[in-house]
Asker: 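One structure, pasted below without further comment.
We number each residue from 1, following the sequence as shown. The shown structure was predicted, so the numbers you read here are calculated from the model rather than taken from an experiment.
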Amino acid sequence: MTIRTVFFVSDNTGVTAETFGQSLIVQFDGIDFHKVTVPFITSLEKARQTVERINRTGSSEGVRPVVFSTLVKDEVREEVRKSDGLFLDFFDAFLAPLEKELGVPSALSTGRAHGISDSKTYTERIEATNFALATDDGSNLKNYAQADVILTGVSRSGKTPTCLYLALQYGIFAANYPLTEDELEGAQLPEVLRLHKKRVYGLTISPARLQQIRKERWGHGRYSTPQQITFELRQADAMFRRHGIPCIDTTRSSIEEISSTVIEATGIERRF
C-alpha cells in the first residue's frame, strides 16, 4: 500500500484544516495517509520551521507531502507555500471569491472558527456538554424534560459519543437511556421514555459489530456472547416498532452521520 504524509497546518488548533483535508483524502483508496497536525503557526519563524519539517519528510520518503493549510496571515502562508509539498490552502480558494461577491474584505483574524469570541455560543456549547455528561447512561432522569432529544438503545450502540457530538457541534441538549435486560424482556417502553416519547430516538446496530465492540470493552461473560447480543437487539427492535420509535442503524455510520440523521429526522433546532 502506498504511504503518503499529509500535513494539516494552521495558525490555530488545526481542527478546520483536519476536517476539510480529511474529507478529501478519504476519497482515495489504496493509500495509507500518515496525518500530521501542525497547529499555532503564528510567526515567520514557526513557518520556516514547518517548511523544514515538510521538506525533511519529503526527502526521507522520496515523495512530496500534501499540505493542507488554513493559515490566515499572508506572510505566514506565503512562507509555508515555499515548501516542497503540494500546498493546498483553503482560505486561498474561498476567501478571495467571497470578498469579491460580498464586497467586503475579510477580517483575516485567526481562530474565529473555533474560538470563544462569541461568548453566547461558547456558553451554550458548555451547557449542552454538561447536560450530556450529567444525563449519560440514564442518570438524572428528572432532567430529561430539558432534553432536545433522548437517544436509546442497547449498551454500546453509540449513544454516548453521539450525544457528546450533538452537544459540542450543535449545542443540542441530548440525553441517553440504555435499555436494560429487564426492560427488553417484554419489549415495553420504559416509563421515563413514555413520558418524553416525542423526543425519543433509537439506535440499533448489527450483531457482529456489537459483539466486536463489546469484546474490546469487556471480553468475558454473557455480555458479549452472540446469544445475549441477538436477544437484546431483537427485543430492542421489537420495542421500537411497537411504540413507533424512529431509529437508525449505526453499524456503518460515523458519529457525524448519525448526528446529522437524528437532526434531520427529528427536526431539532441547532443552536449554532
Side-chain angles (χ1 to χ4, degrees), residues 1-99 106-117 125 129 158 161-162 164-170 209 212-213 216 250-261 272:
M1 179 176 287
T2 303
I3 299 176
R4 294 293 293 267
T5 296
V6 176
F7 285 89
F8 303 110
V9 184
S10 172
D11 42 31
N12 204 256
T13 62
V15 171
T16 302
E18 289 176 355
T19 301
F20 286 158
Q22 179 67 21
S23 69
L24 294 175
I25 63 178
V26 295
Q27 305 301 322
F28 298 91
D29 298 326
I31 300 177
D32 182 11
F33 290 103
H34 175 221
K35 291 169 278 192
V36 180
T37 300
V38 188
F40 306 114
I41 305 305
T42 55
S43 68
L44 285 175
E45 179 59 31
K46 289 183 178 179
R48 293 184 185 110
Q49 293 171 0
T50 302
V51 169
E52 292 175 2
R53 183 177 182 184
I54 294 169
N55 291 348
R56 284 198 307 270
T57 300
S59 178
S60 64
E61 295 180 351
V63 62
R64 65 175 177 168
V66 176
V67 181
F68 289 111
S69 162
T70 52
L71 295 166
V72 173
K73 293 182 179 178
D74 289 337
E75 64 273 19
V76 175
R77 185 192 314 131
E78 292 308 312
E79 190 66 32
V80 177
R81 192 191 298 275
K82 296 176 184 177
S83 75
D84 296 333
L86 171 64
F87 186 81
L88 302 171
D89 186 85
F90 292 113
F91 284 167
D92 256 356
F94 299 113
L95 272 186
L98 275 173
E99 287 176 334
S106 60
L108 295 180
S109 298
T110 64
R112 287 200 167 192
H114 301 281
I116 60 173
S117 56
R125 178 178 280 117
T129 302
T162 302
L164 288 172
Y165 185 85
L166 287 168
L168 285 166
Q169 193 70 16
Y170 304 116
R209 177 59 179 150
Q212 178 187 9
I213 294 172
E216 290 172 355
T250 66
T251 305
R252 294 179 177 84
S253 297
S254 66
I255 298 301
E256 294 87 348
E257 291 169 329
I258 298 168
S259 299
S260 294
T261 299
F272 45 80

Asker: Main chain of S253, side chain of T250: is a donor-acceptor contact present, judged purely on distance under 3.5 Å?
Answerer: no

Asker: Could you check if a side-chain atom of L71 sits within less than 4.5 angstrom of a side-chain atom of I41, using non-hydrogen atoms only?
Answerer: yes

Asker: Let me confirm one number: the CD-OG1 distance from E79 to T50, rounded to the nearest 0.5 Å.
Answerer: 10.0 Å

Asker: Grab the two heavy atoms, one from F68 and one from L24, that are nearest each other, plus how far apart they are.
Answerer: CE2-CD1, 3.8 Å

Asker: Would V66 and T5 satisfy side-chain contact (heavy atoms from CB on, under 4.5 Å), going step by step from the backbone distance to the final call?
Answerer: CA-CA 6 Å; V66 176; T5 296; over 6 Å; no

Asker: When rounded to the nearest 0.5 angstrom, what distance separates CD1 in I25 from CZ in R4?
Answerer: 11.5 Å

Asker: Between E18 and T37, is the side-chain contact (heavy atoms from CB on, under 4.5 Å) condition met? List the steps.
Answerer: CA-CA 8 Å; E18 289 176 355; T37 300; 2.5 Å; yes

Asker: Can you measure from OG (S260) to CD (Q169) and round to the nearest 0.5 angstrom?
Answerer: 9.0 Å

Asker: Distance from F91 atom CZ to D74 atom CG, nearest 0.5 Å?
Answerer: 11.5 Å

Asker: Would E256 and S254 count as a side chain to side chain donor-acceptor pair (under 3.5 Å) if you check the C-alpha gap in whole Å, the side-chain angles of each, and the deciding distance to 0.1 Å?
Answerer: CA-CA 5 Å; E256 294 87 348; S254 66; 3.3 Å; yes

Asker: With rounding to the nearest 0.5 angstrom, report the CG to CZ distance, L86 to R64.
Answerer: 4.5 Å

Asker: If you take all heavy atoms of A47 and V80, which pair is closest and at what distance?
Answerer: CB-CG2, 3.9 Å

Asker: Which heavy atom in L168 sits nearest to a heavy atom in R125, and how many Å separate them?
Answerer: O-NE, 2.6 Å

Asker: Do R53 and V36 have side-chain heavy atoms sitting under 4.5 Å apart?
Answerer: yes

Asker: What I want to find out is whether R81 reaches D89 closely enough, with some N-O distance under 4.0 Å, to be called a salt bridge.
Answerer: no

Asker: Carefully, step by step, assess F20 and F8 under the rule side-chain contact (heavy atoms from CB on, under 4.5 Å).
Answerer: CA-CA 10 Å; F20 286 158; F8 303 110; over 6 Å; no

Asker: Rounded to the nearest 0.5 Å, how far does CG of L164 lie from OG1 of T129?
Answerer: 7.0 Å

Asker: For atom CZ of F90, is the number of surrounding heavy atoms from other residues, nucleotides or ligands below 6.0 Å larger than 12?
Answerer: yes

Asker: Grab the two heavy atoms, one from D11 and one from T42, that are nearest each other, plus how far apart they are.
Answerer: O-CG2, 3.5 Å

Asker: I'd like to check R48 versus K82 (side-chain heavy atoms, cut-off strictly below 4.5 Å). Are they in contact?
Answerer: no

Asker: Going by heavy atoms in the side chains, are T13 and F40 under 4.5 Å from each other?
Answerer: yes

Asker: Quick one: are T57 and F7 in side-chain contact, heavy atoms under 4.5 Å?
Answerer: yes

Asker: Testing the basics here: between S83 and V67, what is the closest heavy-atom pair and its distance to 0.1 Å?
Answerer: OG-CG2, 4.3 Å

